[in-house]
Structure formats: C-alpha cells, structure tokens
Trainee: 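Sharing a structure here in structure tokens format.
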Amino acid sequence: MSKEKPSIPKGTRDFGPAVVVKRNYIFGIIRRTFEKFGYLPLETPAMEQLSVLTGKYGEEGDQLIFKILNSGDFLAKTTPEDISKGHKHLTRKVSEKALRYDLTVPFARFVVMNRNEITFPFKRYQIQPVWRADRPQKGRYREFYQCDADVVGTSSLLCEAEIVQMINEVLSTLGLTDFTIKINHRGVLAGIAEAIGEKGRESDICVAIDKLDKIGPEGVRKELLERGISEKAVDKLEPLYTLSGSNEELLEQLQVILGETAEGQRGLKDLREVWAYLLGLNSQALSAQNASGIPRLLLDVTLARGLSYYTGCIFEVKVNNVSMGSISGGGRYDNLTGMFGLPGVSGVGFSFGVDRIYDVLDELQLFPDSSQAGTKVLIVQFDKESELYALPLLQQLRDAGIAAELYPEAAKLKKQLSYADQKNIPYALLIGSEEMASGRLKLRNMQRGEQQELAINDVIAHLTR
RNA sequence: GUGGUUGUAGCUCAGUCGGUUAGAGCACCAGAUUGUGAUUCUGGGGGUCGUGGGUUCGAGCCCCAUCUUCCACCCCA
C-alpha cells in the first residue's frame, strides 16, 4: 500500500456543502423559469456513442471530446499497422464511446430516436454536466454544467422572443441588473459577406470580427487580410463596426446596406419579427435601463457564434463590468436532426453556463442569505438522560417543518455551541437537568447571544414565525 | 494542441548569496471558565517545501522531467 496523495483530474472540482447549496439556488431559478415557459425536463446518458458526437462540432471540437477506452482487452482488434496509421485512426479502433460534449447533440439524437412518440413542437430543458478536453483557465473547466432549453418542430420566431424573455427573467431573478443580451442573425452575417463582395466567406469574416472588442479594428483588419479577404471588402466592412443608434435605427441602416441580398433580407425580417413579438409580450428586455447605458437587448452585427450549426438568430449574454466571458448563448439550427437522418426539423435553443453564473454572483455578492440556509436549530444535550428527553422534541420540531438536529453526543457545551456557530445555525436549544425538571427549554439566539426560557410549543411557534 | 506562469502548515503567504533546527497570521486542539459559541489571555499539535530524478561538501532556493494552478493563443459555457 503506497501512500498516495489523492487528487482530482485537471479542470474538475469538488463542491463543498456551502457551494452546492448556492449552486442549487441557481439551478432552482433556472428550472422554475424553464417550466413556467412550458419546457419539460430531459436527461440523457453521460456517455454517447462516439460516432454520435464526432463531426458535429468541427475539427477543433472533435479534438476536445473525451473518449472512453473500450473495456477489457481494448487492443484485441488492433494491429501494428493501426498504430502506425496515427492516433486518429487508432482512436476509432480502441474507443467507441465518449462523454457528451454538449446537450444539444444528444437532444437531437433523442428527438430522432423518439420521433414517433414526441408531440411537436417539442420543448425540453436539460440540466446536466458536459465534458471538454480543453485547457482550463478562468471560467473554463473540463467538467461543467449546462442548462439548455430547446424547442424543435417549429420555425416560429415566438420561440426566439421567449428565449430573450427567459434569459431576462432568470438573470433578473438572480439579482443581476446590468447585463446585455446580444442578438444577431446568420442571414445578416451572410448578407454582409455578400454586400461587401465576399459571398460565401462569412465564416472567415465572422471568426475575425467576433474578436473586435478584443483585438480592435486594426487587428481584425489584419486577420481578415490574412484569411484572404480582399482589401476592398474590408474597407466596405469596417463602417459596420461603428453603427450606432437604437436597435430600430440599426435595423434601418442595415436595411439600406443589406436590402439587396436575399440572406440579409431574411435575417432582417426575422429580427424585426422577434422585436414585434417582444413588443407584444411587453418585454422588460426592451425597456429595462442598464447601469452601463448599453441596451439590455442589443442587436450586434459583430456577434458570430456557433457557426457550425446555427442558421438563424444567434444569442449571447454578457454580464457587464465583470471579467467573465459569456454566461449564456444559443441560436436557431435548421438542420441539426438532419445529421441523424431526420431533415426538415427546425429548432432553436440556448444554454446557461451555471459555473460562470456562480462566479459572477459570487463576485458581485448577489447570493441571498436564504440561498445559504441550513439547520435552523441545534439541540444541545448534556448527558444520556437529556438525549433521551430531546429525541421526541427533535421529532416535533421536524414535524413542524423546522430544520433541526441534535448534537449526536454529550460533548462539552463549548464544542456543541461552536458547532452551531460554524454551521451558521441561528438557534441552539439547551436541554439540561434544570430544563427537564421545569419543561422550560433554553432557546439561545446565536447571533444576539440572548436566550429565553420557553416550553417546546412556544419554541416551535418562535421558530416558525 | 502552442507559448508562458504557479506550487512552502488545513488556508493566505514570508523564507536574503545555495549554508546549522523552514517562519508568520488565520484556522485547529487544550486550558483559564466542571451549564454557554463568535470577543480576551495562556499553552500545544501540525511540513518528505507538488512529485521524481540530477548538480553540489551542502538544495525550499540551481538544472531536467512530470503533475497541478493561472494567463495568452486556438476555441468556447
């Protein structure tokens, strides 16, 4: 038996009780909101067939998938030639399962497999961990939770509008006041590419302009030229970075620039419709005033995400004035299930990154006391006799819905009260010989250090107030 | 995957030029106080200096490898 220092894999974390309680507070708000909008829960296995996942996230994504080694003699079906053909070839021979990389692809797989049982439009939410073999850094982990809500089987832009509503509701309920929901459309991006004379090159253009706030216009220019976009096109593109005005004014300006392109038309029409729905819903995202002065819902033509499968609206959410990447993102995909042989099912969805939301709430100190609640009262015992006396009282407290515990041994008073102190238990109930004789128990308020003598019924009344 | 960075007590960190027995604060334990926590005083326990090699008379300090942390790319929640 070698003495080995225990450790956990890179990019994974343990969550202590205090952290889990706070995480559950976030999960609860997200879950309640999803259900309020008519989404129902779904769970899928942690592992999928490797073939279900590969090819869905682009070449880079494939590399970030955690593969699972086949059980038993995983080398049985391999030959020396397989090894010489390199790791990509070998992987297929020794691994046929992998940990899920996101929740959207497993969802698409589920929809295809259950297409005959499902009633469309199908709205589901899913809160489960995903794994990525990425290199960890701030806000990036190898195991993290996603909270997805997707609806498939309708192309109505009401869904997009409701996504905005859900994002706004969840973040507001969590106490966040200064955040920006960025929205854009793949059609707008394609239209831009076409309008500047680089039709079909939007993925190169998007990867570059997405970095605008990070590397600035000159950096983007350099990158665009490196990617083979003509100088003339870049000249025509640059005025778009500084479009200003209200969202309605932005739409007007884009109409002039993109009006001639079919894709641009499609994008602008969709975006206008989303706005119309939000207006009808009386959306707070349209009216709320952010402290930073940025509109809460912002049409941002430089937003370019999830290019490998989004085809319509795309979303991203950023909390202002904190050093954290996006905490939520999503978009419409017209053909996700097509990869599994079911074409023509349009879907739209988005995801909250709970781990990042946690870090933001922590940084801004927005966790309420109620999210840290645990035991309300600790019964302090003195000896075997008082322990026996306490047992029915303990049960009475619990029956009354009060989170109560009895210190499990007759330790020193100091020890038992320290325990209450450290667990942040607001009350201690002392039961010694005097109390047993009189039936009047000492209820100590741990914050104030005051205590009063009460019969058990009065204790319960006091604690349930 | 590329480049850099970090690791010393449970936690946060000192540790001089490579030199004797590696320190502090907080936390923990015990006592002051045999029925009162958080405040006060006194005392105490705790370290293979991330791990494995190497250089040296001698390594927490220098070199190599490896793991981990954080950061910038790539990408992304």
Trainee: Any donor-acceptor pair under 3.5 Å between the side chain of A:Gln137 and the base of B:U69?
Mentor: no
Trainee: For RNA chain B, what residues of residues 429-441 of chain A have any heavy atom nearer than 4.0 Å?
Mentor: A:Leu430, A:Gly432, A:Ser433, A:Glu434, A:Glu435
Trainee: Expressed in whole Å, how much space separates the C1' atoms belonging to B:G46 and B:U6?
Mentor: 25 Å
Trainee: Centroid separation under 6.0 Å, is that true for the rings of A:Phe352 and A:Tyr145?
Mentor: no
Trainee: Choosing from B:C75, B:U36, B:C29, which nucleotide comes nearest the side chain of A:Arg227?
Mentor: B:C75
Trainee: Picking from B:C29, B:G35, B:A77, which would you name as closest to the side chain of A:Arg356?
Mentor: B:A77
Trainee: When the distance from CD1 of A:Ile215 to C1' of B:C75 is rounded to whole Å, what number comes out?
Mentor: 14 Å
Trainee: Which residues pass the side-chain contact (heavy atoms from CB on, under 4.5 Å) test with A:Thr33, sequence neighbours left out?
Mentor: A:Ile29, A:Phe37, A:Met166, A:Glu169, A:Val170
Trainee: Can you tell me which stems involve RNA chain B, if a stem is defined as three or more consecutive Watson-Crick or G-U wobble pairs, both distances under 3.5 Å?
Mentor: B:1-4 with B:70-73, B:10-13 with B:23-26, B:28-32 with B:40-44, B:50-54 with B:62-66
Trainee: Inspect the contact between A:Lys97 and A:Glu48 and indicate whether a charged nitrogen and a carboxylate oxygen are less than 4.0 angstrom apart.
Mentor: no
Trainee: Could you measure between the two P atoms, the one in B:G7 and the one in B:C13, and give it in whole Å?
Mentor: 10 Å
Trainee: Could you tell me how far B:C62 sits from B:U16 if I compare only their P atoms? Round to whole Å.
Mentor: 10 Å
Trainee: Using the P atom on both, measure B:A24 against B:U33 and round to a whole Å.
Mentor: 28 Å
Trainee: Reckon A:Lys211 has a side-chain N or O less than 4.0 Å from the OP1 or OP2 of B:C74?
Mentor: yes
Trainee: Taking the six-membered ring for Trp and the single ring otherwise, decide whether the centroids of A:Phe34 and A:Tyr125 are under 6.0 Å apart.
Mentor: yes
Trainee: Any side-chain donor paired with an acceptor under 3.5 Å for A:Asn290 and A:Ser292?
Mentor: no
Trainee: Using the C1' atoms only, state how far B:U68 lies from B:G4, rounded to an integer number of Å.
Mentor: 15 Å
Trainee: Using the side-chain heavy atoms of A:Leu413, tell me which of these nucleotides is nearest: B:U68, B:U36, B:C75.
Mentor: B:U36
Trainee: Using the P atom as the point on both nucleotides, what is the distance between B:G19 and B:A59, in whole Å?
Mentor: 11 Å
Trainee: Regarding A:Ser418, tell me which of base, sugar-phosphate or nothing describes its non-hydrogen contacts under 4.0 Å with the strands shown.
Mentor: sugar-phosphate
Trainee: Could you check whether A:Tyr141 gets within reach of a base, just the sugar-phosphate, or nothing at all, counting any heavy atom under 4.0 Å?
Mentor: base
Trainee: Would you kindly give the CE-to-C1' distance between A:Met446 and B:U36, to the nearest whole Å?
Mentor: 8 Å
Trainee: Taking OP1 and OP2 of B:G37, is either one under 4.0 Å from a side-chain nitrogen or oxygen of A:Lys414?
Mentor: no
Trainee: Measure up the A:Phe367 and A:Tyr358 rings against each other and bin them: parallel (under 30°), tilted (30 to 60°), perpendicular (over 60°).
Mentor: tilted
Trainee: Select base, sugar-phosphate, or nothing to describe what A:Gly61 touches, counting heavy atoms under 4.0 Å on all strands.
Mentor: nothing
Trainee: Can you find an N or O donor on one side and an acceptor on the other, under 3.5 Å apart, linking the side chain of A:Arg132 with the base of B:C76?
Mentor: no
Trainee: Could you state the CD1-C1' distance from A:Ile357 to B:A77, rounded to the nearest angstrom?
Mentor: 9 Å
Trainee: Give one of base, sugar-phosphate or nothing for A:Gly11, where a contact means two heavy atoms less than 4.0 Å apart.
Mentor: sugar-phosphate
Trainee: Given side-chain hydrogen bond (donor to acceptor under 3.5 Å, both in side chains), test A:Glu405 with A:Thr375 step by step and report yes or no.
Mentor: CA-CA 7 Å; A:Glu405 57 182 307; A:Thr375 303; 2.8 Å; yes
Trainee: With the threshold set at 4.0 Å, does a side-chain nitrogen-carboxylate oxygen contact exist between A:Lys384 and A:Glu409?
Mentor: no
Trainee: Tell me whether A:Phe144 and B:A77 count as stacked here, given that the ring centres must be under 5.5 Å apart and the planes must differ by less than 30 degrees.
Mentor: yes
Trainee: When the P atoms of B:A27 and B:U69 are considered, how many whole Å apart are they?
Mentor: 29 Å
Trainee: Nearest to the side chain of A:Arg444, heavy atoms from C-beta on, is which of B:G35, B:A38, B:C74?
Mentor: B:A38
Trainee: Given atom OH of A:Tyr427 and atom C1' of B:G37, what is their separation to the nearest angstrom?
Mentor: 16 Å
Trainee: What's the OH-P distance between A:Tyr310 and B:C75, to the nearest Å?
Mentor: 17 Å
Trainee: Please report the distance, rounded to the nearest Å, between CD in A:Gln381 and P in B:G37.
Mentor: 18 Å
Trainee: Atom CG of A:Leu103 and atom P of B:A77: how far apart are they, to the nearest Å?
Mentor: 11 Å
Trainee: A:Glu435 vs A:Arg440, test: side chain to side chain contact (heavy atoms under 4.5 Å, CB included). Steps then yes/no.
Mentor: CA-CA 5 Å; A:Glu435 288 78 10; A:Arg440 297 179 64 77; over 6 Å; no
Trainee: Between A:Glu450 and A:Asn445, do the side chains contain a donor N or O and an acceptor N or O under 3.5 Å apart?
Mentor: no
Trainee: With a 4.0 Å cut-off on heavy atoms, is A:Phe382 in touch with a base, just the backbone sugar-phosphate, or nothing at all?
Mentor: base
Trainee: Quick one about A:Asp62 and A:Thr54 (side-chain donor to acceptor, distance below 3.5 Å, no hydrogens or angles considered), yes or no?
Mentor: no
Trainee: Heavy-atom nearest nucleotide on RNA chain B for A:Tyr57 versus A:Gln447: which residue maps closer to 5'?
Mentor: A:Gln447
Trainee: When you measure from the side-chain N and O atoms of A:Gln146 to the phosphate of B:C76, is any distance below 4.0 Å, counting only OP1 and OP2?
Mentor: no
Trainee: Expressed as a whole number of angstroms, how long is the span from A:Arg13:CZ to B:A77:P?
Mentor: 16 Å
Trainee: If you find the nucleotide of RNA chain B closest to A:Lys415 and the one closest to A:Thr12, which residue's nucleotide is nearer the 5' end?
Mentor: A:Lys415
Trainee: Rounding to the closest angstrom, what is the interatomic distance between B:G15 and B:C61 at atom C1'?
Mentor: 9 Å
Trainee: Quick check for you: among B:U36, B:C75, B:A72, whose closest atom lies nearest to any side-chain atom of A:Arg135?
Mentor: B:A72
Trainee: Which nucleotide wins on minimum distance to the side chain of A:Lys412, given the candidates B:A30, B:C28, B:C74?
Mentor: B:A30
Trainee: Does this structure show an ion pair linking A:Arg132 with A:Asp102, if we count only N-O contacts that are shorter than 4.0 Å?
Mentor: no
Trainee: If we count only N and O atoms by modelled type, under 3.5 Å, do the side chains of A:Ser346 and A:Arg332 hold a donor and an acceptor together?
Mentor: yes
Trainee: When you get a sec, tell me which of B:A38, B:C75, B:A77 is the closest nucleotide to the side chain of A:Glu60?
Mentor: B:C75
Trainee: Of the candidate nucleotides B:C74, B:G37, B:C29, which contains the atom at the shortest distance from the side chain of A:Leu417?
Mentor: B:G37
